[in-house]
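The block underneath contains the structure these notes are about, expressed in structure tokens.
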2 protein chains.
Amino acid sequence: MPTRTGRPPKISRAEIVTAADRVIEQDGVAGLTMRRLAKEVGSTAMAIYHHVRDKDELLLLLLDSYAATLPKPELPREPRERLVAAAVAMHEALSARPWAVEVLRADDLLSVGALWYPEHIVDAAMRAGLSPEEAVDAYRIVWHYTAGEISARVAAGKRREEGGTTYRERVFADLDPAAFPRLSEVGERWAELTARDTYAKGVRALAQGLLP
Amino acid sequence: MPTRTGRPPKISRAEIVTAADRVIEQDGVAGLTMRRLAKEVGSTAMAIYHHVRDKDELLLLLLDSYAATLPKPELPREPRERLVAAAVAMHEALSARPWAVEVLRADDLLSVGALWYPEHIVDAAMRAGLSPEEAVDAYRIVWHYTAGEISARVAAGKRREEGGTTYRERVFADLDPAAFPRLSEVGERWAELTARDTYAKGVRALAQGLLP
DNA sequence: ACCTGAACACCGTTCAAGT
DNA sequence: ACCTGAACACCGTTCAAGT
């Protein structure tokens, strides 16, 4: 074992990661800047680059550290219910850290610690009788739906925070009933209807449509 | 009609919008900066602010101008097929301008000119026998899936461009077969399997699961 | 009325120098 | 080996001044 020499470190990778998590909790991902993070760890922005290659790597570290804490619930035996339960668990994990979706969108699969979810969704699909290829398709379809739902939820939250009439409201306000009879029919109830949580409904539909 | 006085304009809103579309076509949304756009219209960044409130408004204008050009295909009569066809058309429209999803994620509905899609998806769902509430749920679920699929596609494209081993590949490389038997089984074929276009398969599953 | 240039308050990151 | 400060090359946007 080589003797470590030189100046002893003031900050560690672990410290940086927990500080970053704290910053995101307070100010959102957009609030996580290298300078702000430096302040949080009581150092300078440039010191961080000595422990982490760049901001992207930091986000991946953050992801892994969060993934490690995820619960691995007992899943029902019946294949269709099993798939739905695993998907709902994945959705819950992401709901707690919605920024993770933005980081993960790059890959249609979660980080190391979160492989549990795809594993069990693929497993459920295969237990239901799908081939490996079909099971992977099923997982990806569920993932796209899940990621899309979370993204919309995040965006809707931001919109509500900012307040004011949204583009959507203005669009609905001067809607031509002749051209859009169905949307006009729903009309003003749109906001109320779109606030409902329909995630589970969607996964159940997917499970029914995808599994034999 | 009041007489317009003062310095005649050198650039117009329409010019700005078409220039912005050109910039995005060449350099992607990330490449669309006010300074870059100014160069494209042959003016200064600040001149643009005289025609457009801010960058967000510019993106909405861009969206509307694109939406106006969208085809409105004849749809099949049979409700389930009708829903699938409308969704596929929406997916195609977004595939051609993937940045639109990023702008639209804010609202779970398209811009004025693109209302055609939700209108017909809701219509198909109601023709199939769903209540207005259920039909809106169905639309939103289809929208989340569609947006998620496009986002993943965009991200995958970027990843491929940048090249090099991705995080995902590294994750798969040292996969514990005991902990993740199903994923290990698929293993190296993952990249090949996830490259397949499964959008239509997903919508068909949704249609089957959501409609009576 | 429309356009311009300089400037502000930010980014992530590099570089050369310190301890 | 680790940290620092100054600096670079960017952002979107504001402001005061020009034509």
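The shown structure was predicted, so the numbers you read here are calculated from the model rather than taken from an experiment. Below, read A as the first sequence line, B as the second, and so on, with proteins coming before strands; counting in each chain starts at 1.
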Closer than 4.0 Å, any side-chain N/O of [X] to the OP1 or OP2 of [N]?
X	N	value
B/Thr44	C/dT4	yes
B/His51	C/dA1	no
A/Lys10	D/dA1	no

Value in whole Å for how far the [atom2] atom of [N] lies from [atom1] of [X]:
X	N	atom1	atom2	value
A/His50	D/dG5	NE2	P	15 Å
B/Lys39	D/dC10	NZ	C1'	12 Å
A/Ile48	D/dA1	CD1	P	20 Å

**Study point:** Short side-chain donor-acceptor distance under 3.5 Å, A/Ser95 and A/Tyr199
**Key:** no
Exercise for review: Quick one: stems involving DNA chain D, counted as three or more successive Watson-Crick or G-U pairs, both distances short of 3.5 Å.
Suggested key: C:4-8 with D:12-16, C:12-16 with D:4-8
Working to the nearest 0.5 angstrom, can you tell me the gap between [X] [atom1] and [Y] [atom2]?
X	Y	atom1	atom2	value
B/Asp123	A/Leu183	CG	CG	9.5 Å
A/Met126	A/Glu134	CE	CD	10.0 Å
A/Arg204	B/Ile141	CZ	CD1	9.0 Å

Practice item. Give, ordered by number, those residues of residues 13-25 of chain B having at least one heavy-atom distance below 4.0 Å to an atom of DNA chain C; if nothing qualifies, reply none. Key: none
Exercise for review: Could I get the full list of salt bridge (charged side-chain N to carboxylate O under 4.0 Å, His left out) partners for B/Arg97, not counting sequence neighbours?
Suggested key: B/Asp21
**Study point:** Minimal non-hydrogen separation, B/Gly31 against B/Val23, with atom names
**Key:** O-CG1, 3.8 Å
Check your understanding: Under 6.0 Å from the CD atom of B/Glu188, do we count more than 12 heavy atoms belonging to anything else shown?
Key -> no
Exercise for review: Could you list all the side chain to side chain donor-acceptor pair (under 3.5 Å) pairs where at least one residue sits in residues 29-47 of chain B, not counting sequence neighbours?
Suggested key: B/Arg22-B/Glu40, B/Gln26-B/Arg36, B/Asp27-B/Arg36, B/Arg36-B/Glu40
**Study point:** Non-neighbouring partners of B/His91 that pass side chain to side chain donor-acceptor pair (under 3.5 Å), sequence neighbours left out
**Key:** B/Glu149
Point to revise | Summary of protein contacts for nucleotides 12-19 of chain D, nucleotide by nucleotide, where a base hit scores B, a sugar-phosphate-only hit scores S (4.0 Å, heavy atoms) | key: BBB---BB
**Study point:** Pair A/Arg189 + B/Glu133: basic N to acidic O under 4.0 Å
**Key:** yes
Review point. Where do A/Trp143 and A/Met90 land on the side chain to side chain contact (heavy atoms under 4.5 Å, CB included) test, with the steps shown first?
Key: CA-CA 9 Å; A/Trp143 166 253; A/Met90 178 164 83; 3.9 Å; yes
